[in-house]
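Working notes, structure below.
Just so we're on the same page: letters track the sequence lines, and every chain starts at 1.
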2 protein chains.
Amino acid sequence: MRVRQVNSARYAGAVSEALWDRSRCSVAGTLAVIGEKWSLLVLREAFLGVRRFADFQRVLGAPRAVLTDRLATLVDQGVLRRVPYQAPGERQRHEYRLTQKGIDLHPVLVALMAWGDRYLAEDDDVPLELRHRDCGEPVHLALVCDAGHELSGAREVRPVPRGPGA
Amino acid sequence: MRVRQVNSARYAGAVSEALWDRSRCSVAGTLAVIGEKWSLLVLREAFLGVRRFADFQRVLGAPRAVLTDRLATLVDQGVLRRVPYQAPGERQRHEYRLTQKGIDLHPVLVALMAWGDRYLAEDDDVPLELRHRDCGEPVHLALVCDAGHELSGAREVRPVPRGPGA
DNA sequence: TCCCTGAGTTCGTGCGACGAACTCTGCCCT
DNA sequence: AGGGCAGAGTTCGTCGCACGAACTCAGGGA
């Protein structure tokens, strides 16, 4: 159907840094999986319950060919699953559902959304809010350390190199 | 120097959804700002302390022209600031520093990194760890609600439409 | 039988990424 | 003063991907 190698940018280029090795950074690896145009928007819709090709296409307005490619990529990265289904009176079709690996991308979407709400929404016109299913209170992302402190921001974080190159 | 309009995908396409209006979603807006190739990698390096053009170029290996464009975009989006500086015995140059708006993108990077660490690092070879500057404990992202509960995952979240279209 | 819809595939065009080469500026050395 | 050097771009040719429109294919219904 379609050949695709994982091309991972994690191993691109001869960097040979004075600092630790940046080419293996997980950010680059993750972007190699979901960083292409439309991928994150596809996932946003998936989290909102969209499953069928036509619905993705209609809601996003992405070109069909691109959408076909992005869905296929996400499927063979294990982020989505292609599941057959049959609506009564119709022939068998496929739908795309999040796997656990895909569900675990939720914080990425939440972080993007939170930033957009803060800096791009005009006059507090936030289009979508996340609430705790149990208690109904609004939900936000927080950095917490294993000692239980909730950090106030990036300045309280210290990046520490690890692994064989340390 | 370079003209750039904010082109925001937030208003693209006539969607007219049965569900709430997806075209104003903050995820798309944020991606219009930082979703281009290399932008997030530039920010990753900025968080690790990189400030000068040549250092970005050397560490990332991105083509100069692309890097020039991405830095300019991030500057006129207000994510980076172009600051003049003068090293002793050199002529005046510029460096790129995170603004508060840029620093607030930290959770996005952390979320991408966490997912990559979980799913892409072979045999737990995590290249970089984040620790609380004060207590030294490892730090992770969490969803917490305003009642103080820490949610276990995306399934405990309910998205609620808001604003004029509700 | 023809038509319709969902899910693609094909195709021509054009923009954007790429790497190499060129430019411009001001400091340093001789 | 002249030449070399380095940082920060800019220019250019190529090549690939994104785009939108048109085409295909399968099955169900009128």
Side-chain angles (χ1 to χ4, degrees), chain A residues 1-5 7 9 12-15 28 31-32 34-42 45-46 50-76 80-97, chain B residues 1-5 7 9 12-15 28 31-32 34-42 45-46 50-76 80-97:
Chain A
M1 169 176 277
R2 214 181 47 94
V3 182
R4 170 169 293 270
Q5 74 283 23
N7 118 51
V15 181
L31 288 175
I34 54 154
E36 282 172 304
K37 223 174 180 178
W38 297 108
S39 296
L40 278 165
L41 297 177
V42 166
E45 295 305 325
V50 172
R51 291 179 176 174
R52 312 227 277 244
F53 186 94
D55 292 331
F56 283 111
Q57 212 270 312
R58 189 166 32 82
V59 172
L60 296 175
R64 278 174 172 64
V66 175
L67 191 52
T68 304
D69 182 88
R70 288 311 108 89
L71 288 169
T73 302
L74 292 172
V75 166
D76 58 47
L80 295 178
R81 231 175 344 144
R82 195 155 177 270
V83 182
Y85 75 100
Q86 180 139 25
E90 289 187 8
R91 78 168 183 285
Q92 171 171 315
R93 301 181 187 286
H94 297 273
E95 60 182 16
Y96 300 88
R97 298 201 197 193
Chain B
M1 170 178 274
R2 215 181 45 95
V3 182
R4 170 169 292 273
Q5 74 282 22
N7 119 51
V15 181
L31 289 175
I34 54 156
E36 283 171 303
K37 223 174 180 178
W38 296 109
S39 296
L40 278 165
L41 297 177
V42 166
E45 296 306 324
V50 172
R51 291 181 175 172
R52 312 226 277 242
F53 187 94
D55 292 332
F56 283 111
Q57 213 272 309
R58 191 167 31 83
V59 172
L60 295 175
R64 276 172 168 63
V66 176
L67 192 52
T68 303
D69 184 87
R70 288 312 106 91
L71 288 169
T73 301
L74 293 172
V75 166
D76 59 46
L80 296 179
R81 230 176 343 146
R82 195 154 178 270
V83 181
Y85 75 100
Q86 182 140 24
E90 290 188 5
R91 81 167 181 286
Q92 171 171 315
R93 300 182 188 288
H94 296 274
E95 61 183 16
Y96 299 88
R97 300 202 197 191

Inset, instruction - Before accepting this row, confirm whether a basic side-chain N of the pair B/Arg97/B/Glu95 lies closer than 4.0 Å to the acidic partner's carboxylate O. - result: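 Answer for the salt bridge query: yes.
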Is [X] reaching over with its side chain to a backbone N or O of [Y], donor-acceptor style, under 3.5 angstrom?
{"X": "B/Gln92", "Y": "B/Pro84", "value": "no"}
{"X": "A/Ser39", "Y": "A/Gly35", "value": "no"}
{"X": "B/Gln57", "Y": "B/Ala62", "value": "yes"}
{"X": "B/Arg81", "Y": "B/Val75", "value": "no"}

Let me know the distance between [atom1] of [X] and [atom2] of [N], rounded to the nearest Å.
{"X": "A/Arg70", "N": "C/dG8", "atom1": "CZ", "atom2": "C1'", "answer": "15 Å"}
{"X": "A/Asp69", "N": "D/dC17", "atom1": "CG", "atom2": "C1'", "answer": "9 Å"}
{"X": "B/Gln86", "N": "D/dA6", "atom1": "CD", "atom2": "C1'", "answer": "15 Å"}
{"X": "A/Leu67", "N": "C/dG8", "atom1": "CG", "atom2": "P", "answer": "9 Å"}
{"X": "B/Gln57", "N": "D/dG7", "atom1": "CD", "atom2": "P", "answer": "11 Å"}
{"X": "B/Glu36", "N": "C/dC15", "atom1": "CD", "atom2": "C1'", "answer": "12 Å"}
{"X": "A/Leu71", "N": "C/dT9", "atom1": "CG", "atom2": "P", "answer": "11 Å"}

Does a nitrogen or oxygen in the side chain of [X] sit under 4.0 Å from OP1 or OP2 of [N]?
{"X": "A/Tyr96", "N": "C/dA7", "answer": "no"}
{"X": "B/Arg82", "N": "D/dG9", "answer": "yes"}
{"X": "B/Lys37", "N": "C/dC18", "answer": "yes"}

Atom pairs, N/O to N/O, protein against nucleotides 20-27 of chain D, distance under 3.5 Å?
residue : atom : partner : partner atom : Å
D/dA26  : N3   : A/Arg91 : NH1          : 3.2

Inset, instruction - Determine the contact category for A/Phe56: base if any of its heavy atoms lies under 4.0 Å from a base atom, sugar-phosphate if only primed atoms, P, OP1 or OP2 are that close, otherwise nothing. - result: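 Nothing, no nucleic acid heavy atom in range.
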Legend entry - 5' priority, DNA chain D, between B/Tyr85 and A/Trp38 [closest heavy atom]: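 Going by which nucleotide is closer to the 5' end, it is B/Tyr85.
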Legend entry - Nearest heavy-atom neighbours spanning A/Trp38 and A/Arg70: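 Here A/Trp38 and A/Arg70 meet closest at CB-CG, 4.1 Å.
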Inset, instruction - Please list, chain by chain and in numerical order, all residues satisfying side chain to side chain donor-acceptor pair (under 3.5 Å) with A/Arg52, sequence neighbours excluded. - result: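 Partners of A/Arg52 by the side chain to side chain donor-acceptor pair (under 3.5 Å) criterion, ordered by chain and then number, come out as A/Tyr85.
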